[in-house]
Amino acid sequence: RISSILIILFAIVIAIILYLSTFGIETTSFNNLIADKVKKYNQNLLLKFDKVKLLLDLKKLDLKVKLIQPSIISKNNKLLLEIVNSNLSLKSYIKGEFAVKNVELKLSNVELKKLTRFARSVDKSLVFLIINNSINKGSIEAETMLFFNNEGKLLDNYKIKGKIVNVEANLLGEYQIKNINSNFIIKKDFVEFDIKEIKLFELELQSTQVALKKKLNDLYIEADTNIK
């Protein structure tokens with residue numbers, strides 16, 4: 001009789017594990033915990049979402065966390081996020097250690113001015129102010145995967161990929177740049193733009209590649225362009 005009960009319990013546990021690894025569950029139990037973690041990083045940031053979906057990765061013994069309808073707010077500036085996913089180490093979580101292994105983020109079709117206003121509300125850097133005042137219109141899409149070490153420090157192996165679409169801006173408050181459509185890649189000490197088309201000083205440029213590389217305290221700029 002005892003063996004029958006153990007077999008039933010074992011079958012229930014296996015069924016739960018298989019369900020978690022195949023379909024996952026949705027819960028609101030982690031909402032406050034995740035929001036508080038973001039607050040500790042920056043008091044001005046408020047991460048909002050409806051619920052969390054949890055999925056068990058049996059091979060890596062990780063817990064995949066997906067936020068449903070996520071958005072982030074800073075001083076009345078709100079950004080809608082298409083994707084916020086994360087992998088947690090179950091072993092580290094059980095031991096009370098930092099458990100976040102990575103975070104996946106994705107923005108889709110966000111107004112560029114809206115993004116720069118948000119960045120300005122988080123970081124008062126003069127760079128964001130200049131960019132925000134220079135841009136007239138345009139949108140941006142971007143995605144990245146951020147990785148962390150066991151102490152919770154963000155690693156510098158990040159890679160941000162995306163594109164800007166139909167951007168118009170004023171250069172130095174006098175010269176207007178139009179029809180900027182470009183893919184971009186951002187890594188540590190490196191930024192690359194693959195511009196499909198741009199109108200600058202009444203010249204229509206095509207297939208323009210621009211790369212910015214930082215070495216020690218020096219910044220190097222490489223450009224290759226074709227004039228239509």
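Along the sequence shown, residues carry numbers from 1.
For CD of Glu111, the number of neighbouring non-hydrogen atoms (other residues, nucleotides, ligands) closer than 6.0 Å is 12 at most. Counting heavy-atom neighbours within 6.0 Å of Lys113 NZ, excluding the residue itself, gives a total above 12. Enclosure of atom OH in Tyr93 is not indicated, since only 12 or fewer non-hydrogen atoms of other residues, nucleotides or ligands lie within 6.0 angstrom.
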**Asked** Between Phe49 and Asn31, does a side chain to side chain contact (heavy atoms under 4.5 Å, CB included) hold up when you go through it step by step?
**Response** CA-CA 8 Å; Phe49 48 94; Asn31 287 27; 3.2 Å; yes
Review point. Can you check side chain to side chain contact (heavy atoms under 4.5 Å, CB included) on Leu112 and Val167, steps first, answer last?
Key: CA-CA 8 Å; Leu112 199 51; Val167 175; 4.0 Å; yes
Next on the checklist: Run Ile25 and Tyr19 through side chain to side chain contact (heavy atoms under 4.5 Å, CB included) and show every step you take.
Outcome noted: CA-CA 8 Å; Ile25 60 170; Tyr19 185 87; 4.0 Å; yes
Stepwise side chain to side chain contact (heavy atoms under 4.5 Å, CB included) check, Leu56 with Leu54: CA-CA 7 Å; Leu56 183 63; Leu54 304 176; over 6 Å; no
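Partner of Asn133 under the side-chain contact (heavy atoms from CB on, under 4.5 Å) criterion, chosen from Ile131, Leu129, Asn136, Ile130: Leu129.
Clustering ILVMFWY residues whenever any of their side-chain heavy atoms sit less than 4.5 angstrom apart, transitively, puts Phe10 in a cluster other than the one holding Ile7. Hydrophobic clustering of Ile, Leu, Val, Met, Phe, Trp and Tyr side chains at less than 4.5 Å, counting indirect connections, keeps Leu46 apart from Leu105. Both Leu47 and Leu154 sit in one connected hydrophobic cluster of ILVMFWY residues. Membership requires side-chain heavy atoms under 4.5 Å apart, directly or through other members. No continuous path of ILVMFWY side-chain contacts below 4.5 Å connects Leu67 to Leu55, so the two sit in separate hydrophobic clusters. Cluster membership for Ile73 and Val110, using ILVMFWY side-chain heavy atoms within less than 4.5 angstrom, is not shared.
Taking CG from Leu90 and CG from Leu61, the interatomic distance works out to 6.5 Å, rounded to the nearest 0.5 Å. Residue Lys163 holds its NZ atom at 11.5 Å from CD1 of Ile140, rounded to the nearest 0.5 Å. To the nearest 0.5 Å, atom CD1 of residue Ile135 and atom CD1 of residue Ile177 are 10.0 Å apart. The CG atom of Asn102 sits 9.5 Å away from the NZ atom of Lys64 when rounded to the nearest 0.5 Å. With values rounded to the nearest 0.5 angstrom, Asn132 atom CG is found 3.5 Å from Thr116 atom OG1. Annotation: the span from Leu63 atom CG to Ser21 atom OG amounts to 11.5 Å, rounded to 0.5 Å.
Tyr220 and Lys215 get closest at one heavy-atom pair: CE1-CB, 3.8 Å. Considering every non-hydrogen atom in both Lys51 and Thr27, the closest pair reads CB-O, 3.5 Å. In plain terms, the two heavy atoms of Val65 and Val52 that are nearest each other are CG1-CG1, 3.4 Å. Here the shortest heavy-atom pairing between Phe118 and Leu45 reads CZ-CD2, 3.9 Å.
Applying the side-chain hydrogen bond (donor to acceptor under 3.5 Å, both in side chains) definition to pairs two or more places apart or across chains, those involving residues 69-81 are Ser74-Ser121. For residues 79-89, no residue pair satisfies the salt bridge (Lys or Arg N to Asp or Glu O under 4.0 Å) rule, not counting sequence neighbours. Screening residues 6-19 for salt bridge (Lys or Arg N to Asp or Glu O under 4.0 Å) gives no qualifying pairs among residues at least two apart or on separate chains. Residue pairs satisfying the salt bridge (Lys or Arg N to Asp or Glu O under 4.0 Å) criterion with at least one member in residues 91-109, sequence neighbours excluded, are listed as follows: Asp62-Lys101, Lys95-Glu97.
The ring-ring contact (aromatic ring centres under 6.0 Å, His included) check on Tyr158 picks up nothing, with sequence neighbours excluded.
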N/O donor to acceptor pairs below 3.5 angstrom from side-chain atoms of residues 142-149, sequence neighbours left out:
unit_1: Thr144; atom_1: OG1; unit_2: Lys159; atom_2: O; d: 3.0
unit_1: Asn149; atom_1: OD1; unit_2: Glu151; atom_2: N; d: 3.0
unit_1: Asn149; atom_1: OD1; unit_2: Gly152; atom_2: N; d: 3.0
unit_1: Asn149; atom_1: OD1; unit_2: Lys153; atom_2: N; d: 2.8

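You'll find the side chain of Ile72 stays beyond 4.5 Å of the side chain of Val84, heavy atoms only. Within the 4.5 Å cutoff, the side chain of Leu79 has heavy atoms near those of the Leu115 side chain.
Between the Asn181 side chain and the Asn166 main chain, a donor and an acceptor come within less than 3.5 Å of each other. Ser182 places a side-chain N or O within 3.5 Å of a backbone atom of Asp194 that can act as its donor or acceptor partner.
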